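Heads up, the thing below is written out as structure tokens.
What you are looking at is a predicted structure, and each value in this text was computed from that prediction instead of being measured.
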Amino acid sequence: MRKRILTLLLLAGAPLTMAQADGLLRDILSSGATTGSTYLTFKDNKQVVATREDAGTFVASEGSIRGPYLEARLRQLRSEHPHLRATDLELARALLSQSQ
């Protein structure tokens with residue numbers, strides 16, 4: 001008798017049709033994709049904010065305090081644009097003047 005009741009309770013809690021199970025799977029996958037997308041956007045924004053903070057410190061100290069995020073961005077800019085003749089201070093000011 002207990003086995004029957006337990007089986008009935010388990011069946012009542014499980015999706016009854018393949019369509020319901022498919023909908024549940026889609027909801028789970030959609031939720032995961034949204035979470036992943038939000039994380040990637042948030043992570044990128046955190047790097048932009050950290051780079052701007054480093055650039056602000058660099059400009060305020062007239063180039064004597066160099067942060068790691070700014071250093072990485074300057075290296076990236078110089079490798080992508082080898083013809084660039086701006087100083088690090090000029091590039092830091094340009095980074096600060098960009099709108100987010």
Side-chain angles (χ1 to χ4, degrees):
M1 180 74 163
R2 277 190 190 177
K3 285 186 180 182
R4 234 182 209 170
I5 292 173
L6 187 57
T7 303
L8 287 174
L9 287 174
L10 287 173
L11 287 175
L16 298 177
T17 66
M18 199 62 169
Q20 286 175 326
D22 187 43
L24 178 64
L25 181 61
R26 265 196 303 252
D27 289 346
I28 291 169
L29 291 175
S30 174
S31 174
T34 301
T35 301
S37 174
T38 302
Y39 170 74
L40 290 175
T41 302
F42 182 68
K43 181 183 167 197
D44 289 345
N45 189 43
K46 281 176 56 175
Q47 289 178 340
V48 168
V49 169
T51 301
R52 289 178 62 85
E53 287 176 0
D54 280 359
T57 303
F58 184 71
V59 170
S61 69
E62 290 295 319
S64 62
I65 301 174
R66 303 176 76 89
Y69 290 97
L70 177 63
E71 287 293 320
R73 183 66 177 133
L74 291 174
R75 275 193 303 276
Q76 179 185 14
L77 285 170
R78 296 212 186 275
S79 70
E80 290 174 357
H81 308 282
H83 62 279
L84 200 57
R85 299 290 175 231
T87 66
D88 287 351
L89 197 54
E90 290 170 334
L91 289 175
R93 285 187 179 125
L95 288 171
L96 286 172
S97 69
Q98 289 180 337
S99 62
Q100 290 181 346

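- Each salt bridge (Lys or Arg N to Asp or Glu O under 4.0 Å) pair with one or both residues in residues 76-86, not counting sequence neighbours, appears once here: R78-D88.
- For T87, the side-chain contact (heavy atoms from CB on, under 4.5 Å) partners are L89, E90, not counting sequence neighbours.
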Throw together a table of side-chain donor-acceptor distances under 3.5 angstrom for residues 53-60, partners on residues two or more places apart or in other chains.
residue, atom, partner, partner atom, Å
D54, OD2, Y69, N, 2.8
D54, OD2, L70, N, 3.2
T57, OG1, E53, O, 3.1

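- Evaluation of the side-chain contact (heavy atoms from CB on, under 4.5 Å) rule for S61 yields S64, I65 as partners, not counting sequence neighbours.
- The CZ atom of R52 lies 5.5 Å from the CG atom of L96; values are rounded to the nearest 0.5 Å.
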